[in-house]
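Below is one structure; the comments refer to it alone.
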Amino acid sequence: MNLLWQAGSVGVVALGLAYLAFPARIHAFGFEFLRRSSSEESGESDAPVWVYRGIGALLVFMGLTRLV
């Protein structure tokens with residue numbers, strides 16, 4: 001079971017690093033219903049990118065604390 005937890009933690013860290021490295025691609029890949037429609041957008045915002053970076057940082061933190 002310990003090996004399973006370690007493998008899961010490594011997976012969480014890898015997912016977190018992907019969120020940190022490619023936040024715009026992950027946002028573009030996401031579900032369409034989670035995004036605002038084009039008629040509601042007055043301008044592009046960097047907020048979703050920073051939200052994904054925050055999620056990535058949390059995932060890396062959680063994975064690393066489980067590995068240690």
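The structure displayed is predicted, hence computed values, not measured ones. Quick note: residue numbers are just sequence positions, from 1.
Using a 4.5 Å cut-off between side-chain heavy atoms of Ile, Leu, Val, Met, Phe, Trp and Tyr, with links allowed through other members, Leu58 and Val12 fall into different hydrophobic clusters. Taking hydrophobic clusters as Ile, Leu, Val, Met, Phe, Trp and Tyr residues chained together by side-chain heavy-atom distances below 4.5 Å, Tyr19 does not share a cluster with Val13. No path of Ile, Leu, Val, Met, Phe, Trp and Tyr side chains, each step under 4.5 Å between heavy atoms, connects Leu17 with Val51, placing them in separate hydrophobic clusters.
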Show every donor-acceptor pair shorter than 3.5 Å between a side-chain atom in residues 61-68 and any protein atom, with sequence neighbours excluded, or say none if there are none.
{"residue": "Thr65", "atom": "OG1", "partner": "Phe61", "partner atom": "O", "Å": "3.1"}
{"residue": "Thr65", "atom": "OG1", "partner": "Met62", "partner atom": "O", "Å": "2.9"}

